[in-house]
S.K.: 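Below you'll find the structure I mean.
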2 protein chains.
Amino acid sequence: MDATFRAIADPSRRTILDLLAEGERSVTQLLEHFDFSQPALSKHLRVLRDAGLVTARSASRRRLYGLRAEGLRSVAEWVRHYEQFWTERLDALGAVLDAEAGQ
Amino acid sequence: MDATFRAIADPSRRTILDLLAEGERSVTQLLEHFDFSQPALSKHLRVLRDAGLVTARSASRRRLYGLRAEGLRSVAEWVRHYEQFWTERLDALGAVLDAEAGQ
DNA sequence: TCAACATATAACCAACTGGATATGCGTCAA
DNA sequence: TTGACGCATATCCAGTTGGTTATATGTTGA
C-alpha cells in the first residue's frame, strides 16, 4: 500500500496509468508521450509493476503493458474515508437550506 | 495537485491526516504518536500546509492544526476515474450470474 | 523579569529518486 | 546468420527527501 502511494506520487507514472486506461500499450508506444529516455520509462514501469498497478506480457519481441486498476483500491478506500468531510458539509448546508425554505 | 500526491505519499503524513480527522491537535499532541523529533514533525506539517491539506491557527503559545479535507478532492476525483474498472467487472459478473440464474 | 514551554527555521547529512548513457539479451526479417 | 529492433538492466550523477542537532522567536506563569 505504501508502494502504491509512492508510485502514484509521480506525474509521469500517473500519465502512464491514464494511457493504459485506454488499453494495452507497448513500451515504444508509451514512450511517444514522454520526453525522457526509454530506460527511464522502463524504470517507471518497474515501479508500477512492483506496486501491482500494471501487468506486463510478452508479445513476440514487444512487451505489452496493461492497467491493473484493482491496485488502486487501497487508495480509493483511504480517500473515501475523508470524502465524508466535504459531503457532510454539503449535507449540512442542504439541511440549513431546507429549514430556511420551510419557514 | 502534484503537491497533494507527493504529500500523501509519506506514511507519517497520512497518519497525521488520520489524527487530524478526529479533530484539531497541537504539535505536541501529534508528536506523541511518532518516534521522530519535533522539527521533523514541523517539516511534515509544512508540507501538508503547502499542499493545502491542513490548516493552522495560533492558540496562545500553541499551534493548532486541523484537517482541510477538501484538499484531497483532486485525489478522490482522480481515483474515481479508475474505480469504474473494478466496478464494471463486478457489474459484468453480476450480469453473468443473473443470466445463469435465469436458465 | 525571566525561565520554561511550544514551535519554527537553519544547517547539515545519508539515503532515495529520476534522469542519463552504455550495454546485454531475446526476437524477427532479410 | 546476422543486423536491427524492443526492452531491461547496470552504472553513474545531481537533486530531493526525511531525518538530525542547534538555535531563534514568541508566550506564559511564577
S.K.: Nearest whole Å is fine: how far is C:dT9 P from B:His44 NE2?
M.R.: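 After rounding, the gap between these two atoms is 15 Å.
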S.K.: Describe the nucleic acid contact of B:Phe34 in one word from base, sugar-phosphate, nothing, applying a heavy-atom distance below 4.0 Å.
M.R.: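 Result for B:Phe34 = nothing.
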S.K.: Of the listed nucleotides (C:dT21, D:dC7, D:dG19), which one gets closest to any side-chain atom of A:Ser37?
M.R.: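 Comparing C:dT21, D:dC7, D:dG19 against the side chain of A:Ser37, the answer is C:dT21.
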S.K.: Taking B:Asp50 first and then B:Arg46, would you say they form a salt bridge - that is, a charged N and a carboxylate O separated by under 4.0 Å?
M.R.: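 Yes, this pair counts.
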S.K.: Just the rounded figure in Å: distance from P of D:dT25 to CZ of B:Arg62.
M.R.: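 After rounding, the gap between these two atoms is 23 Å.
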S.K.: Hey, which sits more toward the 5' end of DNA chain C by its nearest nucleotide, A:Pro39 or A:Asp10?
M.R.: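 Nearest nucleotide further toward 5': that of A:Asp10.
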S.K.: Can the ring centres of B:Phe34 and B:His44 be said to be less than 6.0 Å apart?
M.R.: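 No - the distance between ring centres of B:Phe34 and B:His44 does not fall below the 6.0 Å cut-off.
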S.K.: Whole angstrom is fine here: how far is it from CG in A:Leu64 over to P in D:dC5?
M.R.: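 In whole Å, D:dC5 P lies 19 Å from A:Leu64 CG.
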S.K.: Please check if the side chain of B:Arg13 supplies one atom and the backbone of B:Ile8 the other of a donor-acceptor pair under 3.5 Å.
M.R.: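 No.
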S.K.: If every non-hydrogen atom of A:Thr4 is compared with every non-hydrogen atom of A:Ala51, which pair is closest and at what distance?
M.R.: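 Nearest pair, atom of A:Thr4 first, then A:Ala51: OG1-O, 4.0 Å.
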S.K.: Looking only at side-chain N and O atoms, does A:Tyr65 come under 4.0 Å of OP1 or OP2 in D:dG6?
M.R.: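 Answer is no, no contact under 4.0 Å.
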S.K.: Please report, rounded to the nearest Å, how far the P atom of C:dT17 is from the CG atom of A:Asp2.
M.R.: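 In whole Å, C:dT17 P lies 11 Å from A:Asp2 CG.
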S.K.: Which nucleotide in the set D:dC7, C:dG19, C:dA8 lies at the smallest distance from any side-chain heavy atom of A:Ser26?
M.R.: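 In terms of side-chain proximity for A:Ser26, the closest of D:dC7, C:dG19, C:dA8 is D:dC7.
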S.K.: Among the candidates D:dG19, D:dG6, C:dA8, find the nucleotide nearest to the side-chain atoms of B:Lys43.
M.R.: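 Nearest to the side-chain atoms of B:Lys43, counting from C-beta on, is D:dG19.
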S.K.: Given D:dT9, C:dA20, C:dT9, which nucleotide is nearest the side-chain atoms of A:Phe36?
M.R.: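 Nearest listed nucleotide: C:dA20.
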S.K.: Taking only N/O atoms, report every protein-nucleotides 25-30 of chain C pair under 3.5 Å with atom names and distance.
M.R.:
none

S.K.: Would you say B:Arg6 reaches D:dT17's phosphate, i.e. side-chain N/O to OP1/OP2 under 4.0 Å?
M.R.: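 For D:dT17, OP1 or OP2 has a side-chain N or O of B:Arg6 closer than 4.0 Å.
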S.K.: Measuring from the side chain of A:Val27 (C-beta onward, heavy atoms only), which nucleotide among D:dC7, D:dG19, C:dA6 has the closest atom?
M.R.: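 Out of D:dC7, D:dG19, C:dA6, the nucleotide with an atom closest to A:Val27's side chain is D:dC7.
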S.K.: At 4.0 Å (heavy atoms only), tell me whether B:Ala40 reaches a base, stays on the sugar-phosphate, or touches nothing.
M.R.: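 Since a base atom lies under 4.0 Å of B:Ala40, the category is base.
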S.K.: Do any side-chain nitrogens or oxygens of A:Arg13 fall under 4.0 Å of OP1 or OP2 in C:dG18?
M.R.: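 Yes, A:Arg13 has a side-chain N/O under 4.0 Å of OP1/OP2 on C:dG18.
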S.K.: Flag the pair A:Tyr82 / A:Trp78 as yes when their ring centroid distance falls below 6.0 Å, and as no otherwise.
M.R.: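 Yes, close enough.
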S.K.: Give a yes or no answer on whether the side chain of A:Arg57 reaches the backbone of A:Leu64 with a donor-acceptor pair at less than 3.5 Å.
M.R.: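 No, the answer is negative, given that no donor and acceptor are paired below the 3.5 Å cut-off.
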S.K.: Determine whether a donor-acceptor pair (one donor, one acceptor, N or O, separation below 3.5 Å) exists between the side chain of B:Gln38 and the base of C:dA6.
M.R.: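 Result: no qualifying N/O pair found.
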S.K.: Whole Å only: how far is the CG atom of A:Leu41 from the P atom of C:dG18?
M.R.: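 From A:Leu41 CG to C:dG18 P: 13 Å.
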S.K.: In the structure I gave you, are the side-chain heavy atoms of B:Leu53 and B:Leu20 within less than 4.5 Å of one another anywhere?
M.R.: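 No, their side chains stay 4.5 Å or more apart.
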S.K.: Look at atom NE2 of B:His33 and say whether more than 12 heavy atoms of other residues, nucleotides or ligands are closer to it than 6.0 Å.
M.R.: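 Counting neighbours around NE2 of B:His33, more than 12 heavy atoms of other residues, nucleotides or ligands fall under 6.0 Å, so yes.
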S.K.: Quick check for you: among C:dG18, D:dA8, C:dA6, whose closest atom lies nearest to any side-chain atom of A:Arg63?
M.R.: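 The listed nucleotide nearest to A:Arg63's side chain is D:dA8.
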